Amino acid sequence: NKKGFIFDLDGVIVDTAKYHFLAWKKLANDLGIDFTEDQNEQLKGVSRVKSLEKILNWGGVSISEEEFLQLMDKKNTDYLSYIETMTEDEILVDVPKVLNLLKVENQGLALGSASKNARTILKKVELFDKFDSIVDGTNVTKAKPDPEVFIIAAENLEIAPEKCIVFEDSIAGIQAANAANMISIGIGQKDVLSEADYVFKDFSEISEEFITQLINK
Ligand code: B16
Ligand code: MG
């Protein structure tokens with residue numbers, strides 16, 4: 001009884017949102033645009049291009065295509081300087097426990113992230129070798145809520161979408177999982193992730209029994 005378990009990265013495995021926040025805030029402020037934690041929330045699961053478009057929109061600022069590309073580059077260089085300092089201490093609570101359990105149970109394990117830096121981050125926190133397949137922002141053409149990222153992950157695992165389970169912290173990601181016909185598990189707040197099949201605050205709330213039930217479903 002083999003299922004595919006697909007994990008989002010930012011907000012599920014590690015909290016890189018705080019580094020995205022610092023880098024986007026610096027960029028926005030340099031352009032004279034305010035940037036709040038609340039706005040950062042709205043960028044979760046959203047691609048780099050879409051994020052910059054949103055920030056410019058909020059500030060009512062328009063720039064040339066060339067400057068747009070330069071700013072994206074600058075943001076990423078700044079973001080990577082934070083990633084550089086990451087260690088396995090930054091893996092979110094009980095993630096290794098769940099990954100190890102799934103491994104022991106011989107389940108398919110994949111990463112499904114919008115980030116183009118996913119592989120770098122997984123290496124920093126020493127989880128790169130845990131996944132049978134890694135699908136990230138460099139492998140997709142359509143961003144979440146489009147299901148592409150999760151569909152490719154299922155294909156790579158050679159497991160039908162209906163037999164896949166997705167862990168996601170963003171609304172767009174839950175919508176993508178639902179559109180892919182997969183079981184969606186929200187990691188975060190129930191009121192925010194109301195479209196998910198199940199919601200847990202974090203992995204410490206997910207019991208071994210629950211995982212076993214998912215495997216045997
Ligand atoms: P990058 P996820 C997403 O990661 C982040 O939630 C989102 O805030 C970010 O803009 C996006 O990756 C792109 O990241 O600039 O590194 O390519 O949650 O899909 O793992
Ligand atoms: Mg996320």
Side-chain angles (χ1 to χ4, degrees), residues 5-28 35-58 68-84 86 90-92 95 110-125 127-128 131 133-153 166-177 179-180 182 184-189 192-193 195-196 199-203:
F5 287 82
I6 308 174
F7 292 75
D8 174 50
L9 180 65
D10 175 30
V12 169
I13 292 179
V14 286
D15 176 25
T16 36
K18 61 184 179 211
Y19 301 133
H20 282 296
F21 175 69
L22 292 172
W24 281 131
K25 186 174 167 58
K26 186 176 183 306
L27 179 140
F35 187 67
T36 63
E37 299 240 17
D38 224 46
Q39 284 168 318
N40 193 52
E41 201 59 37
Q42 295 179 51
L43 302 185
K44 283 190 178 170
V46 174
S47 72
R48 201 182 306 166
V49 178
K50 283 264 152 59
S51 299
L52 182 53
E53 281 172 4
K54 273 177 182 272
I55 290 170
L56 293 172
N57 235 324
W58 288 328
F68 190 97
L69 293 175
Q70 281 170 357
L71 287 179
M72 283 221 301
D73 231 49
K74 201 159 160 265
K75 185 268 173 178
N76 198 48
T77 306
D78 202 23
Y79 176 67
L80 285 174
S81 72
Y82 296 111
I83 298 308
E84 193 53 46
M86 283 184 90
E90 291 194 50
I91 299 172
L92 293 173
V95 168
L111 189 93
S113 165
S115 174
K116 293 188 169 165
N117 298 302
R119 286 175 171 81
T120 309
I121 296 168
L122 284 179
K123 281 178 191 155
K124 288 302 285 184
V125 301
L127 286 178
F128 189 81
F131 296 93
S133 168
I134 295 173
V135 186
D136 70 8
T138 64
N139 307 113
V140 298
T141 53
K142 287 172 248 152
K144 300 169 188 175
D146 190 283
E148 186 184 21
V149 61
F150 297 139
I151 296 286
I152 296 175
V166 173
F167 295 99
E168 253 292 347
D169 71 310
S170 72
I171 299 168
I174 293 293
Q175 289 170 340
M182 299 177 177
S184 56
I185 303 186
I187 300 293
Q189 288 171 258
V192 178
L193 304 174
E195 291 173 57
V199 182
F200 299 96
K201 189 170 68 45
D202 57 41
F203 282 94

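Numbers here simply count residues along the sequence, with the first being 1. Both ligands and their constituent atoms are indexed starting at 1 by order of listing. Owing to the predicted nature of the structure, the values given are computational and were not obtained by experimental measurement.
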K.L.:
Once you restrict to heavy atoms under 4.0 Å, what part of S51 touches ligand 1? Side chain, backbone, both or neither.
P.N.:
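Only the side chain of S51 comes within reach of ligand 1.
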K.L.:
Hey, is the main chain of V12 close enough, under 3.5 Å, to the side chain of D169 for a donor-acceptor pair?
P.N.:
no
K.L.:
Give a yes/no verdict on whether any heavy atom in E168 is under 4.0 Å from an atom of ligand 1.
P.N.:
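False for this residue.
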K.L.:
Do Q189 side-chain atoms and K201 backbone N/O form a donor-acceptor pair below 3.5 Å?
P.N.:
no
K.L.:
In D10, the N, O or S atom nearest to the Mg ion (ligand 2) is which?
P.N.:
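This turns out to be O.
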K.L.:
Would N117 count as a polar contact of ligand 1, with the cut-off being nitrogen or oxygen pairs under 3.5 Å?
P.N.:
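Yes, at least one N or O pair falls under 3.5 Å.
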K.L.:
Could E90 and K18 be called an ion pair, given the rule that one side-chain N must be under 4.0 Å from one carboxylate O?
P.N.:
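Yes, charged N to carboxylate O under 4.0 Å.
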K.L.:
Quick check on the 6.0 Å ring-centre criterion: do F35 and F21 meet it?
P.N.:
yes
K.L.:
What's the shortest distance from atom 15 (O) of ligand 1 to any protein heavy atom, and which residue and atom give it?
P.N.:
R48 NE, 2.7 Å
K.L.:
So which of the N, O or S atoms of D8 lies nearest the Mg ion (ligand 2)?
P.N.:
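The Mg ion (ligand 2) is closest to the D8 atom OD2, counting only N, O or S.
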K.L.:
Compute whether any side-chain donor of one residue and acceptor of the other, for E195 and S184, lie under 3.5 angstrom apart.
P.N.:
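There is no such pair between these side chains.
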K.L.:
Consider every N or O of K116 and every N or O of ligand 1, then say whether any pair is closer than 3.5 Å.
P.N.:
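Right, the criterion is met.
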K.L.:
So which protein heavy atom does atom 5 (C) of ligand 1 come closest to, and at what separation?
P.N.:
D10 OD2, 3.3 Å
K.L.:
If you consider just the N/O/S atoms, which atom of D169 is the closest one to the Mg ion (ligand 2)?
P.N.:
OD1
K.L.:
Check whether NZ of the Lys or CZ of the Arg K123 lies under 6.0 Å from the centre of the six-membered ring of F128 and within 45 degrees of that ring's axis.
P.N.:
yes
K.L.:
Give the residue, atom name and distance (to 0.1 Å) of the protein heavy atom nearest atom 8 (O) of ligand 1.
P.N.:
L43 O, 3.1 Å
K.L.:
Under a 4.0 angstrom heavy-atom cut-off, which atoms of ligand 1 come close to S113?
P.N.:
2 (P), 4 (O), 19 (O), 20 (O)
K.L.:
Tell me: protein heavy atom nearest atom 9 (C) of ligand 1, and distance?
P.N.:
V46 O, 3.2 Å
K.L.:
Considering A176, S115, S170, G11, which one's heavy-atom position lies nearest to atom 1 (P) of ligand 1?
P.N.:
S115
K.L.:
What residue and heavy atom of the protein are closest to atom 3 (C) of ligand 1, and at what distance?
P.N.:
A114 CB, 4.0 Å
K.L.:
Ring centres under 6.0 Å, that's the criterion: do Y79 and Y19 meet it?
P.N.:
no
K.L.:
Under a 4.0 angstrom heavy-atom cut-off, which atoms of ligand 1 come close to K144?
P.N.:
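Numbered from 1, ligand 1 contributes 19 (O).
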K.L.:
Would you say NZ of K116 has more than 12 non-hydrogen atoms from neighbouring residues, nucleotides or ligands within 6.0 angstrom?
P.N.:
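Atom NZ in K116 is not crowded, with 12 or fewer foreign heavy atoms closer than 6.0 Å.
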K.L.:
Are any of the N/O atoms on D8, whether in the backbone or the side chain, positioned under 3.5 angstrom from an N/O atom of ligand 1?
P.N.:
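For ligand 1, there is an N or O atom that lies under 3.5 Å from one belonging to D8.
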K.L.:
Looking only at side chains, do N117 and D136 share a donor and an acceptor under 3.5 Å apart?
P.N.:
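No, D136 and N117 have no side-chain donor paired with an acceptor closer than 3.5 Å.
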K.L.:
Please work out whether any backbone atom (N, CA, C, O) or any side-chain heavy atom from C-beta onward of L9 is under 4.0 Å from ligand 1, and answer side chain, backbone, both or neither.
P.N.:
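It is both backbone and side chain that touch ligand 1.
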K.L.:
Between Q39 (side chain only) and T36 (backbone N and O only), is there a donor and an acceptor less than 3.5 Å apart?
P.N.:
yes
K.L.:
Would G45 count as a contact of ligand 1 if the rule is a heavy atom under 4.0 Å away?
P.N.:
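Right, G45 reaches ligand 1.
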K.L.:
With a 4.0 Å cut-off, would you call K44 and D10 a salt bridge?
P.N.:
no
